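Just below is one structure, and these are the notes that go with it.
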Amino acid sequence: MKNLAQWAMQSRQRVTLVAAIAYAVPMLFWLGAAFQALVLLRQPSRDSLPMVLWSSLPALAWMAAGDPTPVLVAAGTILAAQVLRYSIRLDWAILTAVVLGELIYWCLPLLLADVLPLVVSSSEVAVSEALKSNPDLQARLQPLVAPMIHGVLAALHTLVIILCLLLGRYWQSALYNPKGFGIEFRQLRLPLAFTLPAVLVVLTAGQLLPGLSGMVPVLTVAMMLAGLAVFHGVVHGTNASSNWLLPIYIGLVVFGPYMYTLLIFVAVLDSVLDIRMRLKDTASGDK
């Protein structure tokens, strides 16, 4: 991947062609978005924007064919990359992707008007069959099925947007600023002004309005990534082996919901206490 990025960045025509081909190939749109992020982070806007626009044409073709995902990922990655370039704040770029994810949540029923109702309908039937012995629980969960399906799909779009941004930032660091991405990611910390309202929404959204419950999955994406950044920062700050990170990722795959919840809790705790700074102060005091 790094070699491909290095080869592509040798000329405007190459990187435009590579990104366009990636968008044209099914399921490779994420690679095109990552190349666009790399171009936007590296080149001035007057040079990067024409390349980005030309390489996005296949994504528009996919949208015309009924698949809006490439366009949504491209638009989200482009905007997040612009925020990162001009603010030099990874947390702001990630929160930009979260805001876009919430917009995607409200727009998905329109963008996928042919497919989404079928998915929701079959899911509602499955929930009804599974809970037919418990009518009270069925009555409480049935209104949440559609919003949660929309929310999970929006959260997946948000996660892909952020991962494309991070891949582009990693390439930029590997090619032009070695170790810069690692330092930036390990310092990622969500502002308290986002975390506290997000936790409030997570705890109360479903009880207030069923439609608001679908916003919760998108909010948790940023907190999950911030939780991972805390573990990376702690392992690096204590000079521990990177192998200690392996159980975190294995746990995220094997014990998905439980590990996901733990990462969210760690991210919230870090927003309040700044765990890595406290560990650094403790280590300095012990010397």
Side-chain angles (χ1 to χ4, degrees), residues 1-2 5 27 30-31 34 37 80 84 89-91 93-95 97-98 101 148 151-174 177-192 194-196 198-199 201-203 216-287:
M1 281 288 188
K2 177 185 172 183
M27 303 304 293
W30 57 270
L31 187 61
L84 179 58
R89 291 281 301 270
L90 184 58
D91 55 340
I94 288 177
L95 294 182
V98 169
M148 289 307 296
V152 169
L153 288 175
L156 288 174
H157 281 80
T158 305
L159 179 61
V160 173
I161 288 170
I162 296 173
L163 291 180
C164 290
L165 173 68
L166 294 180
L167 179 57
R169 177 68 185 92
Y170 165 75
W171 283 338
Q172 183 200 25
S173 172
N177 181 26
K179 298 184 179 181
F181 171 75
I183 295 172
E184 194 171 25
F185 183 73
R186 288 191 295 268
Q187 293 176 346
L188 174 62
R189 177 172 174 259
L190 297 178
L192 202 58
F194 165 80
T195 306
L196 289 183
V199 170
V201 171
V202 169
L203 296 177
V216 171
V218 176
L219 295 175
T220 62
V221 170
M223 292 189 281
M224 180 271 293
L225 291 171
L228 283 175
V230 172
F231 281 105
H232 277 263
V234 169
V235 168
H236 184 269
T238 56
N239 295 319
S241 170
S242 59
N243 292 331
W244 284 102
L245 294 171
L246 190 59
I248 305 298
Y249 288 95
I250 293 177
L252 195 56
V253 174
V254 178
F255 308 106
Y258 306 103
M259 196 65 199
Y260 197 92
T261 304
L262 175 62
L263 292 174
I264 293 172
F265 175 76
V266 169
V268 174
L269 198 63
D270 182 60
S271 290
V272 177
L273 300 177
D274 197 350
I275 296 172
R276 285 156 291 187
M277 183 60 68
R278 286 177 179 271
L279 287 176
K280 183 177 179 181
D281 293 341
T282 302
S284 300
D286 291 339
K287 292 181 179 179

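Here the structure is a predicted model, which means the values were calculated and not measured.
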Applying side chain to side chain contact (heavy atoms under 4.5 Å, CB included) to L228 and L263, what does each step give before you reach the verdict?
CA-CA 6 Å; L228 283 175; L263 292 174; 3.9 Å; yes
So, taking the atom named CG in L166 and the one named CG in L84, what distance separates them when rounded to the nearest 0.5 Å?
9.0 Å
Would you give the length of the straight line joining atom CG of L167 to atom CZ of R169, rounded to the nearest 0.5 angstrom?
12.0 Å
Heavy atoms only: give me the nearest P217-G151 pair and the separation to one decimal.
CB-O, 3.6 Å
Rounded distance (nearest 0.5 Å) linking atom OH of Y258 with atom OG1 of T261:
9.0 Å
Which residues satisfy the side-chain contact (heavy atoms from CB on, under 4.5 Å) test with L245, sequence neighbours excluded?
F231, H232, V235, Y249
Do F185 and L188 come within less than 4.5 Å of each other through their side chains, counting heavy atoms only?
yes
Under 3.5 Å, side chain of S271 to main-chain N/O of L190, donor-acceptor pair present?
yes
So which heavy atom on V266 is nearest to which on I275, and how close?
O-CD1, 4.2 Å
Closest heavy-atom contact between V98 and A222?
CG2-CB, 3.6 Å
Closest non-hydrogen atoms of A97 and T158, given as atom of the first, atom of the second and distance, are O-CG2, 3.6 Å
Drop me the distance from H236's NE2 to I183's CD1, to the nearest 0.5 angstrom.
7.0 Å
Nearest heavy-atom pair of L165 and A93: which atoms, and what distance?
CD2-CB, 3.7 Å
Between atom CG of D270 and atom CE of M223, what is the distance when rounded to the nearest 0.5 Å?
13.0 Å
Can you check whether L156 reaches V160 side chain to side chain, under 4.5 Å on heavy atoms?
no
Should we count OH of Y170 as having more than 12 external heavy atoms under 6.0 Å?
no
To check you understand the geometry: which heavy-atom pair defines the closest contact between D91 and R89, and what is its length?
OD2-NH2, 2.7 Å
Could you check if a side-chain atom of V221 sits within less than 4.5 angstrom of a side-chain atom of Y260, using non-hydrogen atoms only?
yes
Approximate separation, where rounding is to 0.5 Å, of L192 CG and D274 CG
11.0 Å
Side chain to side chain contact (heavy atoms under 4.5 Å, CB included), that's the test. Do R189 and R276 meet it? Break it down for me.
CA-CA 10 Å; R189 177 172 174 259; R276 285 156 291 187; 3.5 Å; yes
